[in-house]
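To keep things clear, I will list the structure first and then write my remarks on it.
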Amino acid sequence: MTQAQQNNQNIAALLLEQRRYPPSADFAAQANAGEGFYDQDPDTFWENEGRNRLSWFTPFTTLKQWDPPFAKWYLGGKINACYNCVDRHVENGLGAKVAYHWEGENPADRLTITYADLQQRVVKAANAFKHLGIGKGTHVGIYMGMVPELPVTMLALTRIGAPFTVVFGGFSADSLGGRLNDMQCEHLITQDGAWRRGKPNPLKPIADEAMAMAPSVKSCVVLRRAGNEVAMTDGRDHWWSDLVDGQSDDAAACPCEPMDSEDLLFLMYSSGTTGKPKGVVHTTAGYLCGTATTHHYIFDIKPETVYWCAADIGWITGHSYIVFGPLVNAATSVMYESTPDYPDKDRWWDIIERYKVTVLYCAPTAIRTHMKWGPEYAHKHDLSSLKVLGSVGEPINPEAWVWYRDHIGGGRTPVVDTWWQTENGMILVSPLPGLTTLKPGSATKPFIGVQAAVFDNDGKEIPPGEGAGFMVVKGPWPAMLRGLYNDEARYRDVYWSRFENTYLAGDGARVDEDGDFWLMGRIDDVMNVSGHRLSTIEIESALVDHPEVAEAAVTARSDAITGQAVVAYVILKGGKDGSPEKSAELREHVAKVIGPIAKPANIVFTPELPKTRSGKIMRRLLKDVAENRTLGDTTTLADASVVDEIAQRAKLEADKEG
Ligand code: PRX
């Protein structure tokens, strides 16, 4: 791109950013969040939500306890997540309401699951799990695709009080094994394979490798889904159908275990700035209340809403906004098994038209992919049922925001850009449809009670309109992480050591004159590729794990579709030169160690890496090279010529890839 073209693009983006979309009077008149919403006292608000949105075996006595950096919410209460998501809705006469319209990859594979069906499935699975010896406090791993049995498994485990960790199906055996070990899981629930573009993507074979590294796992339940060949180990492995199908579905005979508000619900592993993923701890009552409350107001959920979050349950978005939040609210959701382009690029729009979806929640990467394919795929379908569009996972560029609203939302629908993180459990910053004036590219306002702010280097709050700094939260919120599993020191260090009693999010941000937040991406060694969080150090460790790699440095560059893309600089042992074959081999190696999502988009072979005199790799410079930017300060560099050399090689690499 020439400089003039770049300038024109910047100007166009700026003009889009300056557009304003006040709520329509029609929408505002019926919105869940009415005028005066933000004027409520936050503690009273969360107290009422806790009492009214959730059902308790024993009501809580104290709203919250804040002993920084540790928070507890809804203390003294006894509650069960599964009861709140399933049983009480059936008891309240909503048994015939659809919980999930499940759509398999093969368009002929469809299931309508009502709340009564869901209860039966959950009870049967819970009975089967009990039969295996799973009970209150047993740790269980889950490694599945987007099949109905995945939420069923999560709910069945919460029913009997067993905490779990779901590992995304795109992670490798090493990643799965590491998580099973860290949580000391005694059981693993998986499936033979998941459908991906007409082919089975094997899961059980990977689970086998993972279990070989995780001796705590005593049994494995395998759902037949894709029909691929799998080995079953006698005494350890059981087919789901053999265990579950014959069980009783009598809910009264399999009661929901009363849990403490602060009992562990699940762990979600997330990449940080070191090689080892962090086990983010989420507990029961605050998490349920935080996710369901934000879901209700931010997506304007009504009894007739048909809601679709197109994320994968293997990530926090799926936990909070496909499973727990929507089910607590007795919402009707769509759940889709596979990719947006199977069998064709209009699959999403076909689904929306068929189920008359009213709310769509997805990642900017998906929106940009649809932009690239062209709006004609959407235009073939009647999308007039849509009322609210949501975005999550990465900053949404104003161009994609406006395209989303115009081509998918017919120029009518509010777009809610929701900022939050695995650690947050629930959305923290977002517009409220019908209330907030929208700005393309801005997540706008903190949710009620969320003390979000932007701090400068010295921990002083930067006033609105006065520049960018660190995104922080000054106090606790209901669904916040309660710690990192078995690692209090890291919990304190990562989130609470930079500023006193203040949560450091790791994102850059600014607040404009109107008090609206603009999130600007990570400021640490964490990348965000297609809305998935990846750690530079984790990928570097995967690369140096290859026998021929001497050193590696990883950074991110911007990418028009995936937001960011991984660029790796690699020194081969013995000063060997790289080749396209070696590059392919290393990419596969990263896929094997971490998972295909972590494969570098580009690998640049280099004889040296830029280091400070103390030997620290200067990633900032590598980022400049990757972004093709004018190089930043090189004065602390041990050998400044290294960067020029790398820049030249990177350019050659880029030219080769066209
Ligand atoms: O950088 C922010 C980005 O995603 C990171 C959190 O990633 P993860 O824990 O995987 O959770 C993703 C789904 C909640 C954040 O630190 N991020 C998420 N949402 C937004 C965002 N950046 C800008 N705008 C958003 N709406």
Side-chain angles (χ1 to χ4, degrees), residues 121-122 124-194 200-226 228-245 247 264-269 277 279-280 312-315 318-319 323 485-486 592 594-595:
R121 285 169 169 260
V122 166
K124 283 182 159 200
N127 280 324
F129 295 158
K130 281 202 240 177
H131 176 78
L132 278 181
I134 301 175
K136 189 171 179 177
T138 312
H139 290 184
V140 181
I142 305 176
Y143 186 60
M144 299 178 93
M146 288 287 285
V147 290
E149 288 80 358
L150 172 52
V152 164
T153 296
M154 295 159 75
L155 292 163
L157 292 169
T158 63
R159 184 179 199 87
I160 58 182
F164 56 81
T165 190
V166 180
V167 179
F168 173 62
F171 276 117
S172 66
D174 284 1
S175 302
L176 173 59
R179 286 155 171 77
L180 294 173
N181 262 329
D182 192 71
M183 195 183 180
Q184 284 292 295
C185 293
E186 292 180 42
H187 306 266
L188 175 64
I189 321 294
T190 187
Q191 62 191 68
D192 53 358
N201 176 39
L203 293 177
K204 173 64 164 57
I206 294 175
D208 284 333
E209 273 186 65
M211 283 187 283
M213 306 171 212
S216 57
V217 180
K218 295 185 297 216
S219 85
C220 176
V221 182
V222 188
L223 175 81
R224 246 278 175 255
R225 170 67 191 137
N228 50 309
E229 183 109 5
V230 297
M232 297 291 277
T233 301
D234 256 359
R236 185 194 68 184
D237 299 349
H238 312 270
W239 289 110
W240 174 284
S241 54
D242 291 346
L243 271 184
V244 178
D245 290 0
Q247 297 288 345
L264 175 63
L265 187 64
F266 64 85
L267 297 182
M268 167 63 68
Y269 285 86
V280 173
D312 192 291
I313 292 177
W315 305 101
H319 280 52
V323 182
Y485 191 62
N486 279 341
K592 192 177 167 306
I594 303 175

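Among residue pairs with one or both ends in residues 144-167, those qualifying as side-chain hydrogen bond (donor to acceptor under 3.5 Å, both in side chains) are Asp87-Arg159; sequence neighbours excluded. Note on residues 134-158: no pairs pass ring-ring contact (aromatic ring centres under 6.0 Å, His included), not counting sequence neighbours. Each salt bridge (charged side-chain N to carboxylate O under 4.0 Å, His left out) pair with one or both residues in residues 180-191, not counting sequence neighbours, appears once here: Asp182-Lys276, Glu186-Lys218. Sequence neighbours left out, the pairs with a member in residues 147-186 that pass ring-ring contact (aromatic ring centres under 6.0 Å, His included) are Phe164-Phe266, Phe168-Trp315, Phe168-His532, Phe171-Trp315.
Contact between Gly141 and Leu180 at its shortest, heavy atoms only, is CA-CD2, 3.8 Å. Of all the heavy atoms in Gly314 and Asp312, the pair that sits closest is N-OD1, 2.7 Å. Considering all non-hydrogen atoms of both residues, Ala214 and Asn181 come closest at CA-OD1, 3.5 Å. Between Ala173 and Ala210 the shortest heavy-atom distance is O-CB, 3.5 Å. Residues Ala194 and Gly145 come closest through the heavy atom pair CB-CA, 4.4 Å. Across all their heavy atoms, Pro205 and Val230 have their closest contact at CD-CG1, 4.2 Å.
For His187, the side chain to side chain donor-acceptor pair (under 3.5 Å) criterion is met by Ser219, not counting sequence neighbours. Not counting sequence neighbours, Arg179 has no partner by the salt bridge (charged side-chain N to carboxylate O under 4.0 Å, His left out) test. With sequence neighbours excluded, no residue forms a side chain to side chain donor-acceptor pair (under 3.5 Å) with Arg121. For Arg236, the side chain to side chain donor-acceptor pair (under 3.5 Å) partners two or more places apart in sequence, or in a different chain, are Asp208, Thr233. Evaluation of the side chain to side chain donor-acceptor pair (under 3.5 Å) rule for Ser172 yields Ser175 as partners, not counting sequence neighbours.
With a 4.5 Å cut-off on side-chain heavy atoms, Trp240 and Gln191 do not count as touching.
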Under 3.5 Å, side-chain donor or acceptor atoms of residues 124-134 against the rest of the protein: list the pairs with distances, not counting sequence neighbours.
{"unit_1": "Lys124", "atom_1": "NZ", "unit_2": "Asp245", "atom_2": "O", "d": "3.1"}
{"unit_1": "Asn127", "atom_1": "ND2", "unit_2": "Val123", "atom_2": "O", "d": "3.3"}
{"unit_1": "Asn127", "atom_1": "ND2", "unit_2": "Ser248", "atom_2": "O", "d": "2.9"}

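With rounding to the nearest 0.5 Å, the separation of CG in Asp237 from CG in Leu188 is 9.0 Å. Separating the CE atom in Met183 from the CG atom in Leu264 is a distance of 5.0 Å, to the nearest 0.5 Å. Once rounded to the nearest 0.5 Å, the distance linking NZ of Lys204 with CE of Met211 reads 4.5 Å. Note: Lys592 NZ to Asp174 CG = 5.5 Å, rounded to the nearest 0.5 Å. Taking OG1 from Thr190 and CE from Met144, the interatomic distance works out to 7.0 Å, rounded to the nearest 0.5 Å. The line from CD1 of Ile313 to CD1 of Ile142 is 9.5 Å long, rounded to the nearest 0.5 Å.
Of the possible donor and acceptor atoms, one in the side chain of Ser216 sits under 3.5 Å from a partner among the backbone N and O of Cys185. Asn228 contributes a side-chain N or O that, together with a main-chain N or O of Asp192, makes up a donor-acceptor pair within less than 3.5 Å.
The one candidate from Val166, Ile189, Val221 that meets the side chain to side chain contact (heavy atoms under 4.5 Å, CB included) condition with Val140 is Ile189.
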